[in-house]
Amino acid sequence: MPLSEIAFYVFSAGAIVCALLTITRKSAVVSALMLVLTFCFLAAIYLTLQAQFLAVVQVAVYAGAIMVLVLFVIMLLNLESEDIRVTNNWKAIVGILAALGVLAQILAMIFLSQDKLPKSINPAAAVLGTTESVGRALYTGYSFPFEMASLILISAAVGAIILAKKKLV
Amino acid sequence: MAPLSHYLAVSAILFVIGTVGVLFRRNAIIIFMCVELMLNAVNLTLIAFAQFLGDQTGQILVFFVMTVAAAEAAVGLAIIIALFRNKQTVDVTKMNILKW
């Protein structure tokens with residue numbers, strides 16, 4: 001088995017274990033830190049796909065910016081640990097069944113269409129994942145949505161400040 | 001190189017873990033983090049398809065998903081702070097003011 005394949009399975013196992021820890025830990029801080037680890041493992045999986053630019057953005061934006069914001073809010077609210085015992089058994093069974101149903105459905109779809117999927121990574125992929133080529137696409141063909149993204153960000157920033165202000169106007 | 005179906009399977013598993021978290025947790029911040037996990041699972045699918053098909057559009061879409069996720073994080077956390085200021089809790093089962 002080549003090294004890139006071993007790396008993929010190791011990182012996938014890490015991501016899945018950390019994701020499971022995220023949803024099972026009582027303390028919100030531990031959950032958040034596990035989620036940071038999950039995002040780092042996902043960035044490593046992006047690297048095995050030769051998407052270097054998005055791997056770096058994943059670490060910077062998700063593991064960096066977003067999760068630091070979440071940790072700040074947890075710290076500000078000073079929450080006690082949540083009691084995660086399930087109180088309503090019937091609801092829990094329905095929830096688990098729905099989740100397993102979705103998983104079975106997606107996996108069945110993947111399995112049934114397996115021979116229609118591309119067999120190996122496209123030879124062009126190594127070039128497509130670089131900062132240069134993603135940047136070129138963003139500033140040429142996708143320049144309008146790129147500018148619109150700045151509008152989304154500024155409106156979100158203004159909205160967040162107004163929502164979190166002491167007195168709503 | 002691992003086959004595409006394995007990437008898709010990992011993504012599906014992460015997505016379902018996120019779904020279970022949203023369904024079972026009561027802390028609004030953890031529910032919010034589970035939504036982020038689901039977004040990331042979908043990003044993995046998009047990047048895997050983009051690289052296996054040799055089409056860059058998938059990567060561009062992931063870039064915009066990340067932008068919107070950052071905006072969503074800011075607004076979502078502001079809403080959680082506003083909720084906490086009103087009810088002194090982030091337990092979603094206690095936020096039933098619109099319920100009969």
Side-chain angles (χ1 to χ4, degrees), chain A residues 4-5 8-9 12 15-16 19-20 22-23 28 31-32 35 38-39 42 45-46 49-51 54 57 61-62 65-66 69-70 73-74 77 79 82 84 86 95 99 102-103 106-107 110 114 117-118 120-122 124-125 128-129 133-134 137-138 142 145 149 152-153 156-157 159-160 163-164, chain B residues 1-10 12-21 23-27 29-30 32-34 36-37 40 43-44 47-48 50-57 59-60 62-64 66-75 77-82 84-85 90-91:
Chain A
S4 69
E5 210 168 329
F8 166 71
Y9 291 114
S12 307
I16 291 170
L20 281 173
T22 304
I23 65 163
S31 277
L35 196 59
T38 313
F39 288 161
L42 273 169
I45 295 177
Y46 295 170
L49 280 166
Q50 300 174 332
L54 286 171
V57 171
V61 173
Y62 264 114
I66 294 182
L69 204 61
V70 169
V73 170
I74 294 172
L77 300 188
L79 303 168
E82 172 194 0
I84 41 176
V86 177
V102 170
L103 182 61
I106 302 175
L107 290 181
I110 296 168
Q114 208 164 22
L117 294 174
S120 64
I121 196 158
N122 197 291
L128 290 181
S133 102
V134 175
L138 275 178
Y142 297 91
I152 291 180
L153 286 173
L163 272 172
Chain B
M1 194 71 208
L4 177 54
S5 54
H6 291 195
Y7 282 96
L8 299 181
V10 170
I13 292 168
L14 286 176
F15 186 84
V16 169
I17 292 174
T19 318
V20 170
L23 288 175
F24 282 85
R25 295 305 295 258
R26 290 194 292 265
N27 185 334
I29 296 178
I30 292 179
F32 174 82
M33 294 196 293
C34 291
E36 298 285 341
L37 184 60
N40 265 277
N43 281 352
L44 177 56
I47 295 183
Q51 295 296 66
F52 273 81
L53 294 172
D55 184 348
Q56 203 171 31
T57 319
Q59 290 196 48
I60 304 289
V62 169
F63 181 81
F64 286 117
M66 283 177 178
T67 315
V68 174
E72 177 231 333
V75 175
L77 290 170
I79 291 175
I80 290 175
I81 288 181
F84 186 80
R85 185 172 289 138
V90 289
D91 188 335

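For clarity, every value in this text was computed on a predicted model and none was experimentally measured. Atoms considered below: every heavy atom in the structure, side chains included; atoms not considered: hydrogens, waters and symmetry mates. Letters A, B, ... are given to chains in the order of the sequence lines, protein chains preceding strands, and every chain is numbered from 1.
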query = Which one, A/I45, A/V134, A/T22, leads in non-hydrogen pairs under 4.5 Å with chain B?
reply = A/V134
task = Measure the CG-CG distance between B/L77 and A/L69 for me, rounded to the nearest 0.5 Å.
result = 5.0 Å
query = With a 4.5 Å limit on heavy-atom distance, are the side chains of B/H6 and A/S12 in contact?
reply = no
note = One option among B/V68, B/T19, B/I81, B/V75 has the most heavy-atom pairs under 4.5 Å with chain A, and it is B/V75
ask   = Is it the backbone or the side chain of B/I13 that comes under 4.5 Å from a heavy atom of chain A, or both, or neither?
value = both
task = Check step by step if side-chain contact (heavy atoms from CB on, under 4.5 Å) holds for A/L117 and B/F52.
result = CA-CA 9 Å; A/L117 294 174; B/F52 273 81; over 6 Å; no
Part of A/L20 within contact of chain B (heavy atom distance under 4.5 Å) = both
key: For the student: nearest non-hydrogen atoms of B/M33 and A/A28, plus distance   = CE-O, 4.1 Å
key: Which portion of A/A157 sits near chain B, non-hydrogen atoms under 4.5 angstrom   = neither
key: Nearest non-hydrogen partners of B/A74 and A/A160, listed with the distance   = O-CB, 3.6 Å
query = With a 4.5 angstrom heavy-atom cut-off, which part of B/Y7 approaches chain A: side chain, backbone, both or neither?
reply = both
ask   = So which part of A/A51 gets closer than 4.5 Å to some heavy atom of chain B, the side chain, the backbone, both or neither?
value = both
request  = Dump the intermediate steps for side-chain contact (heavy atoms from CB on, under 4.5 Å) on B/V10 and A/F8, then the final yes or no.
outcome  = CA-CA 10 Å; B/V10 170; A/F8 166 71; 3.9 Å; yes
query = Which bit of B/F84 comes within less than 4.5 Å of chain A, counting heavy atoms only: side chain, backbone, both or neither?
reply = side chain
task = Quick one: do A/S133 and B/Q59 satisfy side-chain contact (heavy atoms from CB on, under 4.5 Å)? Show the steps, please.
result = CA-CA 11 Å; A/S133 102; B/Q59 290 196 48; over 6 Å; no
ask   = Under a 4.5 Å cut-off applied to non-hydrogen side-chain atoms, are B/L44 and A/Y46 in contact?
value = yes
request  = Output the option from A/V102, A/I106, A/I66 having the highest count of non-hydrogen pairs under 4.5 Å with chain B.
outcome  = A/I66
remark   = Between A/A156 and B/A71 the two heavy atoms that sit nearest each other are CB-CB, 3.4 Å
task = Indicate the atoms forming the closest heavy-atom contact of A/A137 with B/Q56, along with that distance.
result = CB-OE1, 3.4 Å
key: Choice from B/F64, B/F15, B/F32 maximising heavy atom contacts with chain A below 4.5 Å   = B/F64
query = Out of A/L35, A/I152, A/L54, which one racks up the most heavy-atom pairs below 4.5 Å with chain B?
reply = A/L54
inquiry  = Please classify the contact of B/L23 with chain A as side chain, backbone, both or neither, using a heavy-atom distance under 4.5 Å.
reply    = side chain
key: Option in B/G21, B/A73, B/A2, B/A9 with maximal non-hydrogen atom pairs under 4.5 Å from chain A   = B/A2
key: Exercise: identify the closest heavy-atom pair between A/L153 and B/A70   = CD2-CB, 4.4 Å
request  = Mark yes or no for whether A/N122, through its side chain, and B/Q51, through its backbone, hold a donor-acceptor pair below 3.5 Å.
outcome  = no
Residue B/N43 versus chain A: region with a heavy atom under 4.5 Å = both
query = Relative to chain B, which segment of A/S120 carries a heavy atom at a distance below 4.5 Å: side chain, backbone, both, or neither?
reply = backbone
ask   = For chain B, which of A/V70, A/V61, A/V57 has the most heavy-atom pairs under 4.5 Å?
value = A/V70
task = Check each atom of A/Q114 against the heavy atoms of chain B and say whether the ones under 4.5 Å are side chain, backbone, both or neither.
result = side chain
Atom group of B/T67 that falls short of 4.5 Å from chain A, counting heavy atoms = both
message = Taking side chain as everything from C-beta outward and backbone as N, CA, C, O, which of these in B/I29 sits under 4.5 Å from a heavy atom of chain A? Side chain, backbone, both or neither.
response = side chain
query = Under a 4.5 Å heavy-atom cut-off, does chain A meet the side chain of B/L8, its backbone, both or neither?
reply = both
key: Non-hydrogen side-chain atoms of B/I30 and A/I23 separated by less than 4.5 Å   = no
request  = Specify the closest pair of heavy atoms between B/I17 and A/A19, including all atoms of both residues, with the distance to one decimal.
outcome  = CG2-O, 3.7 Å
query = Taking every heavy-atom pair that is under 4.5 Å apart, which of B/A69, B/C34, B/P3 has the most such pairs with chain A?
reply = B/A69
query = Among A/G159, A/G95, A/S4, which has the most heavy-atom pairs under 4.5 Å with chain B?
reply = A/G95
inquiry  = A side-chain contact here means heavy atoms from C-beta on lying under 4.5 Å apart; do A/Y62 and B/N40 qualify?
reply    = yes
